[in-house]
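Data first, discussion second: the structure below is written as structure tokens.
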Amino acid sequence: MDAFSEGTFRKVVSNYIEKGPKHIILDLSQIDFVDSSGLGALVQLVKKAQQGEGTLQIVSNPRVTQTVKLVRLETFLSLQPSVEDAIKNINNA
């Protein structure tokens with residue numbers, strides 16, 4: 001996810017946040033790369049979900065997790081290692 005794809009990605013996920021369920025799981029486990037614009041979009045989307053009293057759980061892979069950890073956003077973005085873990089996290093909330 002980079003500056004080229006970020007705008008479309010943000011629009012699509014934002015639409016789900018506005019119209020969909022309160023709790024959304026975003027599976028990024030197949031994403032190979034996230035740049036600063038992608039990270040910015042994720043932060044905006046998490047904030048938007050929180051404003052609607054919902055959550056956005058992000059399923060990540062080691063490569064994306066490493067990038068997120070470099071900027072110390074792993075807790076804020078609620079990174080999960082699998083969809084199953086994200087579901088458990090939502091159910092325990």
Side-chain angles (χ1 to χ4, degrees):
M1 185 172 21
D2 57 14
F4 179 75
S5 61
E6 176 269 329
T8 303
F9 169 78
R10 192 169 19 91
K11 280 183 188 177
V12 170
V13 177
S14 184
N15 189 41
Y16 279 105
I17 291 170
E18 291 171 9
K19 298 177 182 176
K22 279 184 131 176
H23 305 290
I24 296 173
I25 297 172
L26 184 59
D27 186 354
L28 300 181
S29 62
Q30 301 300 310
I31 299 291
D32 290 331
F33 176 76
V34 176
D35 71 4
S36 60
S37 60
L39 290 173
L42 291 173
V43 168
Q44 288 176 346
L45 293 166
V46 168
K47 286 181 179 181
K48 185 172 192 153
Q50 290 172 344
Q51 289 171 349
E53 298 182 8
T55 60
L56 180 63
Q57 300 288 313
I58 300 170
V59 178
S60 184
N61 61 38
R63 194 164 185 180
V64 172
T65 299
Q66 180 182 17
T67 302
V68 171
K69 283 184 174 182
L70 284 172
V71 292
R72 300 176 187 224
L73 287 172
E74 66 273 13
T75 302
F76 178 76
L77 293 178
S78 188
L79 295 184
Q80 302 297 321
S82 69
V83 172
E84 294 78 16
D85 287 318
I87 292 169
K88 287 178 190 173
N89 198 29
I90 288 171
N91 289 335
N92 292 333

Out of curiosity, Leu42 CG to Glu6 CD, how far, rounded to the nearest 0.5 Å? 9.5 Å
Pair Thr55, Gln50 - check side-chain contact (heavy atoms from CB on, under 4.5 Å), show working. CA-CA 6 Å; Thr55 60; Gln50 290 172 344; over 6 Å; no
Check salt bridge (Lys or Arg N to Asp or Glu O under 4.0 Å) between Lys47 and all other residues, then give those that pass, not counting sequence neighbours. none
Interatomic distance, Leu79 atom CG to Leu28 atom CG [nearest 0.5 angstrom]: 8.5 Å
Is any side-chain heavy atom of Ile87 closer than 4.5 Å to one of Asn91? yes
Side-chain donor-acceptor distances from residues 11-18 under 3.5 Å, at least two apart:
residue	atom	partner	partner atom	Å
Ser14	OG	Lys48	NZ	2.5
Asn15	OD1	Lys19	NZ	3.4
Glu18	OE2	Lys48	NZ	2.5

Partner residues of Ser29 under the side-chain contact (heavy atoms from CB on, under 4.5 Å) criterion, sequence neighbours left out: Asp27, Val59
Listed partners of Lys22 passing side-chain contact (heavy atoms from CB on, under 4.5 Å), at least two apart: Glu53
With sequence neighbours left out, write down each residue that passes side-chain hydrogen bond (donor to acceptor under 3.5 Å, both in side chains) with Ser5, or none if nothing qualifies. Asp2
Listed partners of Gln80 passing side-chain contact (heavy atoms from CB on, under 4.5 Å), at least two apart: Gln57, Ser78, Asp85, Ala86, Asn89
So Ile58 and Ile25, do their side chains get closer than 4.5 Å, heavy atoms only? no
Got a sec, which pairs hit side-chain hydrogen bond (donor to acceptor under 3.5 Å, both in side chains) with one end in residues 61-73, sequence neighbours left out? Ser60-Thr65
Contacts of Leu73 that satisfy side-chain contact (heavy atoms from CB on, under 4.5 Å) - sequence neighbours left out: Val43, Val68, Val71, Phe76, Leu77
I need the minimum non-hydrogen distance between Ile31 and Met1, along with the two atoms involved. CG2-N, 3.9 Å
